[in-house]
There are 2 protein chains.
Amino acid sequence: MELEAAKLKYIQTWGSLATSWGINKTMAQVHALLLVSIEPLSAEDIMDTLKISRGNVNMNVRALIDWGIVRKEFVVGERKEFFVADKDIWELFKQVTKERKKREIEPVIKVLEELQNDVKEESEEAEQFKKLMQDLSSVTSTVNNILDKAIKADEHWLLSSFTKMIKK
Amino acid sequence: MELEAAKLKYIQTWGSLATSWGINKTMAQVHALLLVSIEPLSAEDIMDTLKISRGNVNMNVRALIDWGIVRKEFVVGERKEFFVADKDIWELFKQVTKERKKREIEPVIKVLEELQNDVKEESEEAEQFKKLMQDLSSVTSTVNNILDKAIKADEHWLLSSFTKMIKK
DNA sequence: CTAAACTTTCAAAAATTATTGAAAATTAAA
DNA sequence: TTTAATTTTCAATAATTTTTGAAAGTTTAG
């Protein structure tokens with residue numbers, strides 16, 4: 001397969017994966033494009049390759065910057081902005097994990113704990129509900145803690161330490 | 001807070017969490033409703049509580065059954081079908097993990113590996129691309145393996161064994 | 001059988017989410 | 001300054017996803 005074809009296929013694949021995980025398809029494609037690019041890309045480069053509008057590029061690039069997985073880069077002699085994605089996939093994984101934890105998991109844990117505490121009733125039914133909230137918090141918090149550890153860990157932790165434990 | 005209000009709040013919360021993880025909101029709400037219900041519920045019960053149409057209930061309940069997290073239950077003396085969700089949250093976590101792995105992670109690993117092998121070119125640029133695909137496969141496969149282990153593990157594994165390792 | 005109870009289907013409508021593109025705002029060069 | 005280049009915004013539009021609801025299909029009771 002041609003390298004360029006392979007790059008496009010990767011961009012497509014990544015875009016559709018993103019959709020099923022609640023991430024905007026174009027955002028994922030822009031990120032994928034920056035990942036496979038050796039050179040920093042301008043808004044126009046992205047517009048041309050992905051055939052999307054300037055506004056769309058701007059929106060999505062800023063979202064990626066906000067997620068901490070893309071950054072602006074200056075190119076000598078050029079006035080416009082260029083963008084690059086960090087090529088370290090482990091860093092990418094950590095960064096995405098960190099953001100999603102903060103944005104989506106932690107607020108839920110908070111609500112679950114509130115619900116558990118706010119119900120004062122003491123019927124059998126209420127107890128079952130509180131038990132359910134506790135179980136949900138418990139699993140969610142555990143996952144959250146594991147992710148915390150993953151975020152703080154060094155590059156080989158996921159691969160080695162985890163795998164070792166898992167083989168037992 | 002009233003128990004019923006708390007249940008509704010939980011249903012809402014779960015629904016919005018679902019959206020950000022690429023799961024249909026109504027599907028998550030139907031599941032949440034079944035989780036907080038002590039009795040099995042009929043299609044009509046779900047329609048009334050969530051104020052959604054019969055067709056919508058049917059679609060989403062079947063999706064939940066297909067995911068393996070809801071099942072039909074027969075109620076003596078009743079002709080219509082009733083539905084229940086397993087109350088074991090650990091089982092729920094394992095089941096959802098298993099399905100998402102199969103539906104979304106494994107196909108991507110396959111594509112990444114194909115892309116890595118299909119590019120025959122040997123330029124510097126091609127090598128960098130192959131390296132990227134390898135890194136992406138590697139992180140994705142590692143996560144996939146960890147999830148495999150989680151699925152096979154017993155109830156306390158996530159909470160104890162994992163936590164212990166993590167505290168170190 | 002036949003009819004009533006119930007479930008499923010799916011085209012059309014509604015709701016939601018993403019994208020465009022042109023105007024406004026900003027930035028930097030002349 | 002002024003002007004040209006570039007980025008940002010956002011209302012309008014398009015695309016996608018979800019939901020409805022009535023008709024078709026299925027099942028069971030009589």
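Excluded from the calculations below are hydrogen atoms, water molecules and symmetry mates; all remaining heavy atoms, backbone and side chain alike, are included. Every chain is numbered from 1, with letters handed out A, B, ... down the list of sequences.
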Exercise. Would you mind telling me which residue lines up with the more 5' stretch of DNA chain D, A/Glu78 or A/Arg62, judged by nearest nucleotide?
Key: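 Result: A/Glu78.
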Self-check item: Comparing A/Thr19 and A/Asn58 on DNA chain D - which has the more 5′ nearest nucleotide
Solution: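 This one resolves to A/Asn58.
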Quiz item: Roughly, in whole Å, what's the span from CD1 in A/Ile46 to C1' in D/dT6?
Solution: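 One finds 14 Å between C1' of D/dT6 and CD1 of A/Ile46, rounded.
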Practice problem: Take atom NZ of A/Lys72 and atom P of D/dT6, then tell me their distance rounded to the nearest Å. | Solution: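 From A/Lys72 NZ to D/dT6 P: 14 Å.
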By side chain to side chain donor-acceptor pair (under 3.5 Å), which residues pair with [X], not counting sequence neighbours?
X        : result
A/Asn117 : none
B/Asp118 : none
A/Lys25  : none

Set of salt bridge (charged side-chain N to carboxylate O under 4.0 Å, His left out) partners for [X], sequence neighbours left out:
X       : answer
A/Lys98 : none
B/Lys9  : A/Glu114
A/Arg79 : none

Practice problem: Could you pull out all residues at least two apart from B/Val57 that satisfy side chain to side chain contact (heavy atoms under 4.5 Å, CB included)? | Solution: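 If we apply the side chain to side chain contact (heavy atoms under 4.5 Å, CB included) test to B/Val57, skipping adjacent residues, the hits are B/Ala43, B/Ile46, B/Met47, B/Ile52, B/Val61.
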Quiz item: B/Asp135: what forms a side chain to side chain contact (heavy atoms under 4.5 Å, CB included) with it, not counting sequence neighbours?
Solution: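 Testing B/Asp135 for side chain to side chain contact (heavy atoms under 4.5 Å, CB included), a comparison that skips the adjacent residues, returns A/Ile89, B/Lys131.
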Run the side-chain donor-acceptor check on residues 67-74 of chain B: report pairs under 3.5 Å with partners two or more places apart or on a different chain.
unit_1	atom_1	unit_2	atom_2	d
B/Arg71	NH2	B/Glu73	OE1	3.4
B/Lys72	NZ	B/Glu81	OE2	2.8

Self-check item: Contact pattern, 5' to 3', of nucleotides 19-28 of chain D - B, S or - by protein heavy atom under 4.0 Å
Solution: SBB-----BB
Quiz item: So where does chain A start and stop touching DNA chain C, 5' to 3', when the test is distance under 4.0 Å to a non-hydrogen atom?
Solution: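 In short, chain A contacts DNA chain C from C/dA18 to C/dA28.
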Self-check item: Relative orientation of the end axes in the helix from C/dC1-D/dG30 to C/dA30-D/dT1, expressed as an angle to the nearest 10° (five pairs per end)
Solution: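 Rounded to the nearest 10 degrees, the bend comes out at 10°.
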Quiz item: Is the B/Trp90 ring parallel, tilted or perpendicular to the B/Phe93 ring (thresholds 30°, 60°)?
Solution: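 Answer is parallel, since the angle falls under 30°.
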